[in-house]
Student: 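The structure's right below; bear with me while I get my questions together.
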Amino acid sequence: MLDIQALRNDLEGVAARLATRGFVLDTKKFEQLEGERKTIQTRTQELQAKRNATSKQIGAAKAKGEDVSVIMAEVATLGDELKQAENQLDAVLITLQQFLGVIPNMPHASVPPGKSEADNVEVRKVGNIPKFDFAAKDHVDLGEKLGLDFDTAAKISGARFSLLKGGLARLHRALAQFMLDTHTEQHGYTETYVPYMVNEDSMYSTGQLPKFKQDLFEVPIAMNPVDRSDSQEKPRIFYLIPTAEVPVTNIVRDEIVALESLPMKFVAHTPCFRSEAGSYGRDTRGMIRQHQFDKVELVQMVHPDESYAALEQLLGHAETILQKLGLPYRVVKLCTGDMGFSAALTYDIEVWLPAQNTYREISSCSNFESFQARRMQARFRNAQGKPELLHTLNGSGLAVGRTLVAVLENCQQADGSVVIPEVLRPYMGGMEKLSP
RNA sequence: GGAAGCGUGGCCGAGUGGUUGAAGGCACUAGUCUUGAAAACUAGCGAGGAUGAGAGUCCUCCGUGAGUUCGAAUCUCACCGCUUCCGCCA
């Protein structure tokens, strides 16, 4: 969420910056809502002040044993008037909140302008693209002989799920463990185990709700044994996490943490669940785009002055994994039009996939500045002792499924076997290759 | 699933429906004392918001939401969460 003060002080400026990412800010609507809010809030507070003063008078008079009927008559209608004003205020505040809740973050000044993926800017290329003296297979063809089974997964669940068996399943586990160990032992992250289902507040805090409900899987909470069909309350549900970013970042929701505890660095390995609504027909082959995939996620909560330095570091931590695995990749800076809702600046890391003859996203590292922190009231006590919003960041380090794809395709041999990268061998019981 | 209890500031913990945003303590910050530190003493110390150039003034917040009342941390109801005991279970 943006700071409402920023909209009040420089509405046109904010609108202009949001326009660069393709968001049209309805400035008329905002001015109208703000005007209403101001009028109603002032009036409500006046009435509240009057009620408070009168009630104190009554209390004081009663204490002295005086007659209070005159004062009571005076405020007879105050209650209704106040109730009405408060209801109006609630309504306009909710509308204002909803208005603010769907405005995306403002891009950092350094974000390249652009409309789509095509306008992203390449920052660097790392590693050597492998040259094969045979026709490179994609991971589906390679995996078929190694234990990758989409047909059975489809029988068990449906489309966009995968089943791994044998060495391939172990390689998947090895990748996750290798990533976790690297980040905890070498990069200073604290390992966390988190819930995979979260409540609505958590989803709102990190920005998945209210705008991207269609991307999430919902799980109804079986409860309320009594039939409360007369109830106005909406049924409560859990959401399956689309990324560990959600539960991990929410660690600091509604907290005021000590200055000395910064930066906070967490890593979590979790499954991620995405409905992939709206991506029918895209990446239907293979395990590139699934309803369920594993990811090792890096999350940091930092002092506002440190967040851009922290982003560079976090990006480096993710890159380290690819370097250790010997996978070629490139880093791109997303343009204004391609960034996610909550991000102020995002780097994507794209790994080379020989079969597709292109780079594909394997990590996304973002600085959200105070956007998420404001939604979740995540603060620290600054040097002056005052609460101040944190900056939050996160990045994949890395998406495990796509890393598995990259290893298969980049390390394949002419005979259909796959050489296991050195760093993974300790996790594979010393195994050097996967063979059909 | 059954029974009972409990949710108050960064933390602990008082709180008879009426100047209670809330006693007291801890922590924290200044100051006094001390060679220095500790201890002791003194003072300060919740968050969010409206308005104002500012000093200030005002509003909201005691798990959440409704309700009763001129007035609710305090009374009523529902929900959420936590604790303990029994049952069941990985």
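In the text below, chain A, chain B and the rest are named by the order of the sequence lines, each starting its count at 1. Quantities reported herein were computed from a predicted structural model and do not represent experimental measurements.
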Student: If we take the C1' atom in both B:A14 and B:G21, what is their distance in whole Å?
Tutor: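 Here B:A14 and B:G21 have their C1' atoms 15 Å from each other.
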Student: Which of these nucleotides, B:C58, B:G49, B:G10, is closest to any side-chain atom of A:Arg8?
Tutor: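 Looking only at heavy atoms from C-beta outward on A:Arg8, the closest nucleotide is B:G49.
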Student: Determine: side-chain N/O of A:Asn52 to OP1/OP2 of B:C59, distance under 4.0 Å, yes or no.
Tutor: yes
Student: What is the distance, to the nearest angstrom, from the CG atom on A:Leu82 to the C1' atom on B:C59?
Tutor: 11 Å
Student: Looking only at side-chain N and O atoms, does A:Lys56 come under 4.0 Å of OP1 or OP2 in B:G71?
Tutor: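 Answer is no, no contact under 4.0 Å.
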Student: Please tell me which of the listed nucleotides, B:C59, B:G48, B:C70, lies nearest to the side chain of A:Ala49?
Tutor: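 So the nucleotide nearest the side chain must be B:C59.
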Student: Start at the 5' end of RNA chain B and walk down; is the nucleotide closest to A:Lys386 or to A:Arg37 reached first?
Tutor: A:Lys386
Student: Distance only, no hydrogens: is a donor on one side chain within 3.5 Å (strictly under) of an acceptor on the other, for A:Asn105 and A:Ser342?
Tutor: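 Absent: no donor and acceptor within the cut-off.
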Student: Within this structure, what is the CD-to-C1' distance between A:Gln45 and B:U51, rounded to whole angstrom?
Tutor: 9 Å
Student: Choose from B:A47, B:G18, B:A50 the nucleotide whose nearest atom is closest to any side-chain atom of A:Thr42.
Tutor: B:A50
Student: Using the C1' atom as the reference point in each nucleotide, state the distance between B:C70 and B:G17 in Å, no decimals.
Tutor: 12 Å
Student: Would you mind pulling out the nucleotide paired to B:A50, Watson-Crick or G-U wobble, both distances under 3.5 Å?
Tutor: B:U57
Student: Please report the distance, rounded to the nearest Å, between CD in A:Glu255 and P in B:A47.
Tutor: 15 Å
Student: Under a 3.5 Å cut-off for both contacts, is B:U34 paired Watson-Crick or G-U wobble with anything, and if yes, with which nucleotide?
Tutor: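 Result: none.
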Student: Please tell me if the side chains of A:Ile362 and A:Ser396 come closer than 4.5 Å, counting only heavy atoms from C-beta onward.
Tutor: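 A side-chain contact is absent here, since even the closest heavy-atom pair is not under 4.5 Å.
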Student: B:A22 pairs with which nucleotide, Watson-Crick or G-U wobble, both distances below 3.5 Å?
Tutor: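 Per the H-bond distance test, none.
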Student: Whole angstroms only, please: what is the CD-P distance between A:Gln88 and B:C59?
Tutor: 20 Å
Student: Taking a pair as Watson-Crick or G-U wobble with both distances under 3.5 Å, which nucleotide is matched to B:C77?
Tutor: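 Matched B:C77 with B:G65 under the 3.5 Å cut-off.
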Student: Please report the distance separating the P of B:G67 from the corresponding atom of B:G10, rounded so that it comes out in whole Å.
Tutor: 28 Å
Student: When the C1' atoms of B:G81 and B:G65 are compared, how many Å lie between them, rounded to an integer?
Tutor: 15 Å
Student: With both distances under 3.5 angstrom, what nucleotide forms a Watson-Crick or G-U wobble pair with B:G5?
Tutor: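 Looking at the geometry, B:G5 pairs with B:C82.
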Student: Closer than 3.5 angstrom, by distance alone: can the side chain of A:Arg375 be matched with the main-chain N or O of A:Gly101 as a donor-acceptor pair?
Tutor: yes
Student: C1' atom, B:G7 versus B:G63: distance in rounded Å?
Tutor: 6 Å
Student: Roughly, in whole Å, what's the span from CD1 in A:Ile237 to C1' in B:C80?
Tutor: 16 Å
Student: Assuming nearest nucleotide by heavy-atom distance, tell me which of A:Thr54 and A:Ala60 is located more 5' along RNA chain B.
Tutor: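 Closer to the 5' end of RNA chain B: A:Ala60.
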Student: For A:Arg379 and B:G9, give me the distance from atom CZ to atom C1', rounded to whole Å.
Tutor: 12 Å
Student: In Watson-Crick or G-U wobble terms, both distances under 3.5 Å, what is the partner of B:G44?
Tutor: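 Matched B:G44 with B:C28 under the 3.5 Å cut-off.
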Student: Is atom CD of A:Glu422 surrounded by more than 12 heavy atoms (other residues, nucleotides or ligands) closer than 6.0 Å?
Tutor: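 No, not enclosed.
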Student: Check the distance between B:C59's C1' and A:Leu47's CG and give it to me in whole angstrom.
Tutor: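 Whole-Å distance recorded here is 12 Å.
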Student: State yes or no: are the ring centers of A:Phe273 and A:Tyr196 separated by less than 6.0 Å?
Tutor: no
Student: Atom CG of A:Asp254 to atom P of B:C11: distance rounded to whole Å?
Tutor: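 Result: 12 Å.
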Student: In whole Å, measure the gap between the C1' atoms of B:A22 and B:U74 for me.
Tutor: 12 Å
Student: If you check the A:Gln48 side chain, which of B:C59, B:A50, B:A47 turns out closest?
Tutor: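 Between B:C59, B:A50, B:A47, the one nearest the side chain of A:Gln48 would be B:C59.
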Student: Please state whether the phosphate of B:C59, meaning OP1 or OP2, lies under 4.0 angstrom from any side-chain nitrogen or oxygen of A:Arg51.
Tutor: no
Student: Are A:Glu276 and A:Arg289 within salt-bridge range, i.e. N to O under 4.0 Å?
Tutor: yes
Student: If the C1' atom of B:A23 is compared with that of B:C45, how far apart are they to the nearest Å?
Tutor: 16 Å
Student: In whole Å, measure the gap between the P atoms of B:G24 and B:A30 for me.
Tutor: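 Going atom to atom, P in each nucleotide, I get 23 Å.
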Student: Let's test this: given Watson-Crick or G-U wobble pairing with both distances under 3.5 Å, identify the partner of B:C89.
Tutor: none
Student: Out of A:Val419, A:Leu146, A:Val407, which one pairs with A:Leu434 under the side chain to side chain contact (heavy atoms under 4.5 Å, CB included) rule?
Tutor: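 Only one option passes, and that is A:Leu146.
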